[in-house]
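We're numbering straight along the sequence, starting at 1. Atom set for the values below is all heavy atoms of this structure, side chains included, hydrogens, waters and symmetry mates excluded.
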Amino acid sequence: MIAEKYPEEIKGILARFPNKKAAVLPLMHLAQHEYGYMSEDAMREVADILDLDPTHVLSLAGFYTLYYEEPVGKYVLEVCNDLACALRGADEFVAMALDKLDIAVDGTTDDGLFTLKTVMCLGACDKAPMLQCNLRFEENLNEEKFDQLLARLRKAADSGPPEPSVVQKITSYVLPQ
């Protein structure tokens, strides 16, 4: 359980919010980091920590695209394919990427490394085709750049460099320190 594994991190997150229920999104990120997705157990844990009804956490998980209700790969490739990006080649890019990964939209590669999702508006229309990979933008993509991205991510997965603390990642965009 995240309460036992991350007591100091949870205390730090809760300290940043005058109303502890406002900490629901960062705690959901923490739970998702631990379990890989927002499982029913993860949602219940977050709800218990904040004295919320679990259906409230479930509704947030269903609304926000950065929370996954099913297992995903280590790297989630979210390709924007709204109208502006489609006009700049996003649909063709998605087709190429799916072919290279040998999956369908929302599918995960057999090695568990990559899940590809299509999303609406990541706010970089002028840089399409583009994608967000685990909160990092990759812009002005083409087949060559996509191949380079996949190679870089595979290498990182193989070498296993330490990731920044999940709390550092979560709190870095929630509120300034």
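Side-chain contact, Thr55 with Asp53: a donor N or O sits under 3.5 Å from an acceptor N or O.
We find the CG-CG distance between Asn19 and Leu14 to be 10.5 Å, quoted to the nearest 0.5 Å. Atom CD1 of Ile10 is separated from atom CD of Glu8 by 10.0 Å, given to the nearest 0.5 angstrom. Distance check, rounded to the nearest 0.5 Å: CG of Asp91 to SG of Cys85 gives 9.5 Å. In this structure, CG on Leu58 lies 5.5 Å from CD on Glu69, to the nearest 0.5 angstrom. Atom SG of Cys125 sits about 5.0 Å away from atom CG of Asp82, to the nearest 0.5 Å. One distance of note links CD1 of Ile49 with CD of Glu45; it measures 6.5 Å at 0.5 Å rounding.
Looking only at side-chain heavy atoms (C-beta outward), Arg44 and Pro54 come within less than 4.5 Å of each other. Proximity of Lys74 to Leu153: side-chain heavy atoms (C-beta onward) are nowhere separated by under 4.5 Å. Counting heavy atoms from C-beta on, the side chains of Met43 and Val46 never come closer than 4.5 Å. The shortest side-chain heavy-atom distance between Leu77 and Asn134 does not fall under the 4.5 Å cut-off. Using a 4.5 Å heavy-atom cutoff, the side chains of Glu144 and Gln148 are in contact. The shortest side-chain heavy-atom distance between Leu116 and Ile103 falls under the 4.5 Å cut-off. Side-chain contact between Met96 and Asn142 is absent, with no heavy-atom pair separated by less than 4.5 Å. Tyr6 places a side-chain heavy atom less than 4.5 Å from the side chain of Leu30.
Note: the hydrophobic cluster containing Val105 does not contain Tyr37 (ILVMFWY, side chain heavy atoms under 4.5 Å, direct or indirect links). Cluster membership check: Val119 does not share its hydrophobic cluster with Phe114, using side-chain heavy-atom separations under 4.5 Å among Ile, Leu, Val, Met, Phe, Trp and Tyr. The hydrophobic clustering, which links ILVMFWY residues whose side-chain heavy atoms are closer than 4.5 Å, places Leu122 and Tyr64 apart. In this structure, Val57 is a member of the same hydrophobic cluster as Phe17, with clusters built from ILVMFWY side-chain heavy atoms closer than 4.5 Å. Put simply, Tyr35 and Leu60 are part of the same group of oily side chains (I, L, V, M, F, W, Y) that touch within less than 4.5 Å, one to the next.
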Determine whether Phe93 and Met130 satisfy the following criterion, side chain to side chain contact (heavy atoms under 4.5 Å, CB included), listing intermediate values before the conclusion. CA-CA 9 Å; Phe93 178 81; Met130 61 84 57; over 6 Å; no

Please evaluate residues Leu141 and Glu138 with respect to the criterion side chain to side chain contact (heavy atoms under 4.5 Å, CB included), reporting the C-alpha separation (whole Å), side-chain torsions for both, the decisive distance (0.1 Å), and the verdict. CA-CA 7 Å; Leu141 292 169; Glu138 301 288 340; 4.1 Å; yes

For Val79 and Gln132: C-alpha separation, side-chain torsions, deciding distance, then whether side chain to side chain contact (heavy atoms under 4.5 Å, CB included) applies. CA-CA 7 Å; Val79 181; Gln132 176 176 254; over 6 Å; no

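No donor-acceptor pair under 3.5 Å is formed between the side chain of Glu139 and the backbone N or O of Ala128. Panel note: side chain Thr115, backbone Thr108; no donor-acceptor pair is recorded below 3.5 Å. Put simply, the side chain of Arg88 gets close to the backbone of Asp126: a donor and an acceptor are under 3.5 Å apart. With hydrogens and angles ignored, the 3.5 Å screen pairs no side-chain donor or acceptor of Asp41 with any backbone N or O of Met1. For the pair Tyr67 (side chain) and Leu25 (backbone), a donor-acceptor distance under 3.5 Å is present. One N or O on the side chain of Gln32 and one on the backbone of Leu66 form a donor-acceptor pair closer than 3.5 Å.
Closest approach of Val24 and Leu50 over heavy atoms only: CA-CD1, 3.4 Å. Closest non-hydrogen pair, Cys121 versus Cys80, comes out as N-SG, 3.3 Å. Contact between Ala157 and Tyr75 at its shortest, heavy atoms only, is N-OH, 3.6 Å. Leu98 approaches Ala104 most closely through the heavy-atom pair CD2-C, 3.6 Å. Pairing each heavy atom of Phe146 with each of Ala97, the nearest pair is CZ-CB, 3.6 Å. The two atoms that bring Ala23 and Ile13 nearest to each other are CB-CG2, 3.9 Å, heavy atoms only.
Within a 6.0 Å sphere centred on CG of Asp110, heavy atoms belonging to other residues, nucleotides or ligands number 12 at most. Within 6.0 Å of CZ in Phe137 there are more than 12 heavy atoms belonging to other residues, nucleotides or ligands.
Each of Leu131, Asn81, Val76 was scored for a side-chain contact (heavy atoms from CB on, under 4.5 Å) with Lys117, with one residue passing: Val76. Among His29, Met28, Glu70, the single residue meeting the side-chain contact (heavy atoms from CB on, under 4.5 Å) criterion with Met38 is Met28.
Under 4.0 Å is where a charged nitrogen must lie from a carboxylate oxygen, and between Lys145 and Glu143 no such pair does.
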